[in-house]
Undergrad: 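My questions all concern the structure below.
Since the structure is predicted, the reported quantities are computational estimates derived from the model, not experimental observations.
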Amino acid sequence: MLCVFLTAFFASKLEHESKHCNGKGFQRLGSSAFDRVYTANQNCGHAYPTFLAMLWCAGLLCSQAPAAFAGLMYLFVRQKYFVGYLGERTQSTPGYLFGKRIILFLFLMSVAGILNYYLILFFGSDFEMHIKTITSAISPLLLIP
């Protein structure tokens, strides 16, 4: 739900910049503000499928609460990335790097869940409680920039 509002915000910013630039259509020559908004919108749109897949896998295979927390943090970071991209491109770098770290965390949660499944299948050892404890303890560390 929050993802939809964020996408709508990005689209409204793109529409706003489109109306304030000279020319018609999406091919605006010499409008760096429009180009930045358009590029930031495209970058955020291209990152969402990967984010949703990692969020779904981490929540399903490992633990839902840390995955949900990481998902909310990722949406906040994408907002920071988008707004930073509107200024100068160097202002978007912290949001980009922070987003990569959150995606990595979700990926590692997914891998831990898969490894736990195979440990149960082949050896009968269940480390689910340990993995949930570790991910719950590590997830607040995502707040550190």
Side-chain angles (χ1 to χ4, degrees), residues 1-120 126-145:
M1 179 74 143
L2 195 57
C3 185
V4 173
F5 289 125
L6 201 57
T7 304
F9 170 74
F10 296 159
S12 69
K13 283 296 216 182
L14 182 63
E15 181 182 4
H16 176 73
E17 282 300 323
S18 175
K19 288 180 181 177
H20 285 40
C21 295
N22 297 332
K24 295 183 180 182
F26 280 117
Q27 295 182 348
R28 311 237 190 262
L29 300 174
S31 172
S32 63
F34 176 78
D35 292 338
R36 285 194 307 265
V37 170
Y38 182 75
T39 303
N41 186 37
Q42 290 298 318
N43 291 346
C44 290
H46 291 163
Y48 277 130
T50 304
F51 160 67
L52 291 176
M54 288 292 104
L55 180 66
W56 183 78
C57 289
L60 182 68
L61 300 172
C62 191
S63 181
Q64 292 177 359
F69 177 73
L72 287 173
M73 288 301 302
Y74 184 79
L75 292 176
F76 171 74
V77 165
R78 275 322 236 187
Q79 169 69 17
K80 182 177 179 177
Y81 169 79
F82 186 83
V83 171
Y85 214 102
L86 296 180
E88 294 181 20
R89 291 177 194 226
T90 57
Q91 292 176 343
S92 66
T93 303
Y96 173 73
L97 295 175
F98 202 29
K100 275 181 36 177
R101 189 169 68 187
I102 293 172
I103 292 293
L104 177 66
F105 175 72
L106 291 172
F107 174 74
L108 292 176
M109 282 181 64
S110 300
V111 169
I114 292 170
L115 288 176
N116 187 51
Y117 172 77
Y118 282 112
L119 284 173
I120 293 169
D126 188 8
F127 292 100
E128 183 178 3
M129 290 306 298
H130 299 294
I131 292 171
K132 285 184 178 183
T133 303
I134 290 169
T135 56
S136 295
I138 291 176
S139 63
L141 295 177
L142 293 175
L143 294 172
I144 299 172

Undergrad: To the nearest 0.5 Å, what is the distance between CZ on Phe107 and OG1 on Thr50?
TA: 12.0 Å

Undergrad: Going by side-chain contact (heavy atoms from CB on, under 4.5 Å), name the residues that satisfy it together with Leu108, two or more places apart in sequence or in a different chain.
TA: Leu104

Undergrad: Once rounded to the nearest 0.5 Å, what's the spacing between atom CZ of Arg78 and atom CG of Leu75?
TA: 10.0 Å

Undergrad: Test: side-chain hydrogen bond (donor to acceptor under 3.5 Å, both in side chains). Region: residues 99-111. Which pairs qualify, not counting sequence neighbours?
TA: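 Listed once each, the pairs would be none.
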
Undergrad: Using atom types as modelled, flag every donor-acceptor pair under 3.5 Å from a side chain in residues 136-145 to any protein atom, sequence neighbours excluded.
TA:
unit_1, atom_1, unit_2, atom_2, d
Ser136, OG, Lys132, O, 2.8
Ser139, OG, Thr135, O, 3.4
Ser139, OG, Ser136, O, 3.3

Undergrad: Compile the donor-acceptor pairs under 3.5 Å between side chains in residues 53-67 and protein atoms, sequence neighbours left out, one pair per line.
TA:
none

Undergrad: Which residues pass the side-chain contact (heavy atoms from CB on, under 4.5 Å) test with Ala112, sequence neighbours left out?
TA: Ile131

Undergrad: For the CZ atom of Phe127 and the OG1 atom of Thr133, what is their distance to the nearest 0.5 Å?
TA: 13.0 Å

Undergrad: Apply ring pair (Phe, Tyr, Trp, His ring centres under 6.0 Å) to Tyr81 and list each qualifying residue two or more places apart in sequence or on a separate chain.
TA: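 With neighbours one apart ignored, the set is Tyr85.
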
Undergrad: Could you report the tightest heavy-atom contact between Tyr74 and Ala47, atom names first, then the distance?
TA: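 Scanning both residues, the minimum pair turns out to be OH-CB, 3.5 Å.
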
Undergrad: Under the 3.5 angstrom rule, does the side chain of Asp126 hit a backbone N or O of Ile120 as a donor-acceptor pair?
TA: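 Side chain of Asp126 to backbone of Ile120, a donor-acceptor pair under 3.5 Å: no, none is there.
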
